[in-house]
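One structure is given here, and the rest of the page talks about it.
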Number of protein chains: 2
Amino acid sequence: MQNKYIQIYRDTADKIQQGVFPAGAKLPSEHELMETHETSRETIRKALHLLAQNGYIQKVQGKGSIVLDARKFDFPVSGLVSFKELAGTLGDTHRTLVEKLELGVPDDVIQTELQCAPDHQVWEVHRVREIDGEKIILDKDYFKQMFIDNLTEEICRHSIYDYIEHELHMSISFAKKEIVVVEPTDEDRQYLDLGGCQHVVVVKNHVYFDDASLFQYTESRHRPDKFKFVDFARRIQGGT
Amino acid sequence: MQNKYIQIYRDTADKIQQGVFPAGAKLPSEHELMETHETSRETIRKALHLLAQNGYIQKVQGKGSIVLDARKFDFPVSGLVSFKELAGTLGDTHRTLVEKLELGVPDDVIQTELQCAPDHQVWEVHRVREIDGEKIILDKDYFKQMFIDNLTEEICRHSIYDYIEHELHMSISFAKKEIVVVEPTDEDRQYLDLGGCQHVVVVKNHVYFDDASLFQYTESRHRPDKFKFVDFARRIQGGT
DNA sequence: AAGTATATCTTGTATATACAAGATAGTAAA
DNA sequence: TTTACTATCTTGTATATACAAGATATACTT
């Protein structure tokens, strides 16, 4: 019940994932899609552009749209995916332990990361992610209180993203990620089953709303042997 | 001397990076840009869409285009960037040592990764990247010979990507990346200055041409304390 | 048989128009 | 003063047309 081109995008993406359009095959031409969806060519092209951007197809001038192999996306840590969504696709037994839930003024580092004034209140949430009985991930989240009034342990155990999007009706738009590898802190050793690992993988995340306002900073600290990140990258059009 | 919308994209991206349009400010409206660039609105919109996609701006309906903080581009391992380009932005003293340059039939693992027949010839290139006197990265590249006839040590020391794009005039289009952390192999220990590190960060890369043909598989093996990956991710339009 | 030209299919670029929808400032009414 | 409306600015969606450019199959010529 929304935009035509997004509907066509989702429809086609589903068909690709279901194998209706198998990898290596060609999609129907823009003209054909135009007729089957009873719309204009530009609308079809917008949908195809989205598919190309998200790694579903490759457009080749003069030839058509080739369906790419989407099986590589079985572990979508890329893009913006919350642990809840991720754990769902994995199908493993997983559990979230809320170790900390506090509202207060954060230290200098977090103030800088969140670009907030020294008197701003910030939610601090620490959650340990357990998969198959092992404590694999320590998520340290910092939310500006001006965006989120109330936060309960129940919400934290479930999915904060769900709460923000479906209860508060705020739209998450984009994020800046940074992945580094560091030595474990005492906190890491305390909460995670590191088993002698001398490194943790840290995914730092700055998350923004639709209006470009920064509302969250997250550090997701992973046990290295359980970490995996997949990404689809297109060459920048009109690069250097 | 190419597409208008790509020219406008590059022009505007440059201006953002140079601070002509500072972070937090608003770009001129589409109507204004239309007049200054003497073009249609759709062409402007294509350029703005590219800027948004690559993290330069955020579009807000009814308001305008807000310039984002582009300092994240200080270490662009994201997207498709070769070591040559990367080292250039770092400005450090760097060196590339070609440890291996062979044409032959690869083992099963590589055959699978490159999706090639058992009799296909494949270039195997091992390069060690040295920065400030330390051997930090071991790049293991595998190229299908059907795409690249000849490969010299000189080309490998310089930039294979340069050679492919500017000499062979083939256009690299997209890549699938995967980042994992593993224990060092004997090879890693032999070629890299690991200094007792018990992990290496492996970036696996499948690189494709414009026509969706797979031509390269790369394993970039990094010393963990020198590894950094930055990414800009937009929430998938019309997601689950 | 081999090469060449042509017609026709495909996607790419550029333009134009119309209306919808969100944001904002000013004006008028309560 | 406060509220509500309205005009007008912004971007978003949908449509149409024209031509450029790459790919391909057919028919024709050599």
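In the text below, chain A, chain B and the rest are named by the order of the sequence lines, each starting its count at 1. Reckoned from all heavy atoms, side chains included, excluding hydrogens, waters and symmetry mates.
The nearest whole Å value for the distance from the OH atom in Y9(A) to the P atom in dT13(D) is 14 Å. Protein atom CG of L48(A) is 13 Å distant from nucleotide atom P of dT10(C), rounded to whole Å. The distance from atom NE2 of H49(A) to atom P of dG12(D) is 14 Å, rounded to the nearest whole Å. As a whole-Å value, the separation of D210(A) CG from dA23(C) P is 10 Å. Here dT10(D) presents its P atom at 11 Å from CG of L33(B), a figure rounded to the nearest Å. I8(B) places its CD1 atom 13 Å from the P atom of dT13(C), with the value rounded to the nearest Å. Remark: C1' of dG12(D) and NZ of K59(B) are 8 Å apart, rounded to the nearest angstrom. As rounded to whole Å, 18 Å separates atom P of dT11(C) from atom CG of N3(B).
Put simply, the side chain of I179(A) reaches to within 4.5 Å of the side chain of F227(A), judged on heavy atoms. The side-chain heavy atoms of C156(B) and L101(B), taken from C-beta on, include a pair separated by under 4.5 Å.
Note on R45(B): a side-chain N or O is less than 4.0 Å away from OP1 or OP2 of dG12(D). For Y5(B), no side-chain nitrogen or oxygen approaches OP1 or OP2 of dA14(C) to under 4.0 Å. OP1 and OP2 of dA14(D) both lie 4.0 Å or more from every side-chain N or O belonging to K46(A). For K4(B) and dT15(C), the shortest distance from a side-chain N or O to OP1 or OP2 is below 4.0 Å.
When each of dT10(C), dT11(D), dT24(C) is scored by its nearest atom to the side-chain atoms of E30(B), the top-ranked nucleotide is dT11(D).
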Just the atom pairs and distances: protein N or O near nucleotides 16-20 of chain D's N or O, under 3.5 Å.
none

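Under the 4.0 Å criterion applied to side-chain N and carboxylate O atoms, R10(B) and D14(B) are not assigned as salt-bridge partners. A salt bridge links R157(B) to E153(B): at least one charged side-chain nitrogen sits closer than 4.0 Å to a carboxylate oxygen.
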Discussion item. For a quick check, with a 4.0 angstrom heavy-atom cut-off, what is the B/S/- contact string for nucleotides 3-9 of chain D, read 5' to 3'?
Written reply: -------
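Results of the side chain to side chain contact (heavy atoms under 4.5 Å, CB included) test with F143(B) over V207(B), L151(B), V122(B) single out L151(B) as the only residue that passes.
Using modelled atom types, one finds no donor on one side chain facing an acceptor on the other under 3.5 Å when comparing H120(B) with Q145(B). Looking at D141(B) and Q216(B), their side chains do bring a donor and an acceptor atom within 3.5 Å of each other.
A donor-acceptor pair under 3.5 Å links the side-chain atoms of D211(B) to the main chain of S213(B), judged by distance alone.
Across all their heavy atoms, A212(B) and I66(A) have their closest contact at CB-CD1, 4.3 Å.
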